[in-house]
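Here's the structure we're looking at; comments come further down.
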Amino acid sequence: MSKQRLVIFDTTLRDGEQSPGASMTKDEKIRIARQLEKLGVDVIEAGFAAASPGDFDAIRTIAETIKDSTVCSLARANEKDVRRAGEAITPAKSGRIHTFIATSPIHMEMKLRMSPDQVVEQAVKAVKLAREYTDDVEFSAEDAVRSELPFLVRVFEAVIAAGAKTINVPDTVGYAIPYLWGERFAQLIEQVPNSDKVIWSTHCHNDLGMAVANSLSAVLNGARQVECTINGLGERAGNASLEEIVMAVKTRSDVFPVETRIDTRQIVPASKLVSTITGYPVQPNKAVVGANAFAHESGIHQDGVLKHRETYEIMRAEDVGWHTNRLTLGKLSGRNAFRTRLKELGIEFDSEESLNAAFARFKDLADKKSEIFDEDLQALVSDVAASQTPEKYQLITLEAHSRTGEKPRASLVLKVDGQETPAEAEGDGPVDAALKAIETVANSHANLKLYSVNAITSGTDSQGEVTVRLERGGSIVNGSGADTDIIVASAKAYLNALNILDANVARAHPQKEGV
Ligand code: KIV
Ligand code: ZN
């Protein structure tokens, strides 16, 4: 069967960043963009340029850096957004503007307060303006799943005539059912004039757990671009997960008439990087990238796999990048070896100063932990980056005491705006005591939304990577910290979250009008 190309459009840096608290710094976005390029994604949606000057700057830098993937910015269908997106992608070797407007009755009436005629007019104007910046323009009909078919046909016909090259049909609210979603693609492709001149794209959310199934049903009915994210990150329940789409198409090549250009061995490294940076752990039983995805527990399965792997395995762990993370560095490794390995992982430092800071932390870690793996290096770089957020609070020392039958206590010294301040507290456990001690000083009035600890590597000498999600006045931030001592890691993560809250800059949300 001759195969057509399935375009992989990754939106981890845009829709993925809309997950509560998953916002990333510019450096973190660049690290992820480099890994996505290595993975071989065709289009990287690097952000929403009009959201804030920081988002604009990150997209522009990614556009300057990435050479092997198209770099895209999202834009609402209005002049200001489209111009910002156009300016942000200007340096790209290959740049795309992705403009969208809602087309469902509920969104047009209740959110946009626009008539269908006005929506068509605005969509056409936005596409024409976008074409002044690039030939590669994508149009999305937000909430297409709840839009009326004849109206979708009308909008799509108009934007194709205006110059859109990719037509994206989003299930914005995760409402679709696979066979109906596939049917919708077949109807659109049949009914929209000039449908053969564009690439049809699907963008599915996972509210009912069917984002991947819906995307694949669209592919079976003519979609040739899938919008997805690493680990299925994204608004609310997330987006279709890139790794599941790619491996489904590859493993069931007997069913899907398409192929991707993804280097599947880069999937697990990409998953780990995104999880480390966003603080969203991957559930152990997650398909393809979960820690148990290739672990056979039952005796019957183990016996079968030992006799003949394919008795129970449909994919090879090494083909998706498991076990490729070799032991990299140790106590005796020098600065050059450290820099070289980080470079291989796609991490470069913008100054000798940051390299030195990272190397000092590496030496510190190597004193506590004899074997240092790639995951440790990723966490270490995130830790160094976290310490570069303006730091109102810094941890100087921490001592925690717990003993059976006694109330755990923690005492610590913080530097607050340059001034050393001691604090102590009791808690229900040593972590609780440490965070309470911090609060006696910070008095932040923030609500703790999530606390999670993840072992970065296997073994009891693993670093614990802690994520703390805090909410204050509607802002949600994630702080992270890693250390071989999980109480220290917890304190670092909590302070990181407080520092981010303190330095927080307002950003617009693409799907809220007027912000
Ligand atoms: O879910 C959605 O509708 C979106 C659009 C902006 C494509 O993310
Ligand atoms: Zn979306």
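Heads up: numbering here begins at 1 and tracks the sequence. Just so you know, ligand 1 is whichever comes first in the structure, and atom 1 is the first atom listed for that ligand.
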Could you tell me the separation between the NE2 atom of H98 and the CZ atom of F139, rounded to the nearest 0.5 Å? 8.5 Å
Below 4.0 Å from ligand 1: does a non-hydrogen atom of Q18 turn up there or not? no
Please indicate whether any nitrogen or oxygen in R14 is less than 3.5 Å from any nitrogen or oxygen in ligand 1. yes
Are D207 and R236 close enough for a salt bridge, meaning some N to O gap below 4.0 Å? yes
Between H98 and ligand 1, is there a nitrogen or oxygen pair with a distance under 3.5 Å? no
Give me the residue, atom name and distance of the protein heavy atom closest to atom 2 (C) of ligand 1. Q511 NE2, 3.2 Å
Taking I66 as the fixed residue, which of I44, I30, T61 is the one that meets the side chain to side chain contact (heavy atoms under 4.5 Å, CB included) rule? I44
Ring centres under 6.0 angstrom apart (Y175, W181): no
With heavy atoms and a 4.0 Å threshold, my read on which part of H203 contacts ligand 1 is side chain
I'd like to check which ligand 1 atoms, numbered from 1 as shown, lie under 4.0 Å from a non-hydrogen atom of H205. 1 (O)
For ligand 1, which is the ligand I care about here, please tell me if S140 has any N or O atom under 3.5 Å from one of the ligand's N or O atoms. no
Heavy-atom check, side chain of N231 versus side chain of T229, under 4.5 Å: no
Which residue and non-hydrogen atom of the protein lie closest to atom 3 (O) of ligand 1, and at what distance in Å? T172 OG1, 2.6 Å
List-wise, which protein N, O or S atoms are found short of 2.8 Å from the Zn ion (ligand 2)? D15 OD2, H203 NE2, H205 NE2
State plainly whether the residues D135 and R131 are in salt-bridge range, i.e. N to O under 4.0 Å. yes
Identify which one of H203, R76, K111 satisfies the side chain to side chain donor-acceptor pair (under 3.5 Å) criterion when paired with E142. K111
One finds that the ligand 1 atoms under 4.0 Å from a non-hydrogen atom of E142 are 3 (O)
Quick one: salt bridge (Lys or Arg N to Asp or Glu O under 4.0 Å) partners of D42, sequence neighbours excluded? R5, R261
Is the number of heavy atoms from other residues, nucleotides or ligands under 6.0 Å of K128 NZ greater than 12? no
Within 45 degrees of the ring normal and closer than 6.0 Å to the centroid, is that where the cationic atom of R84 sits relative to F56? yes
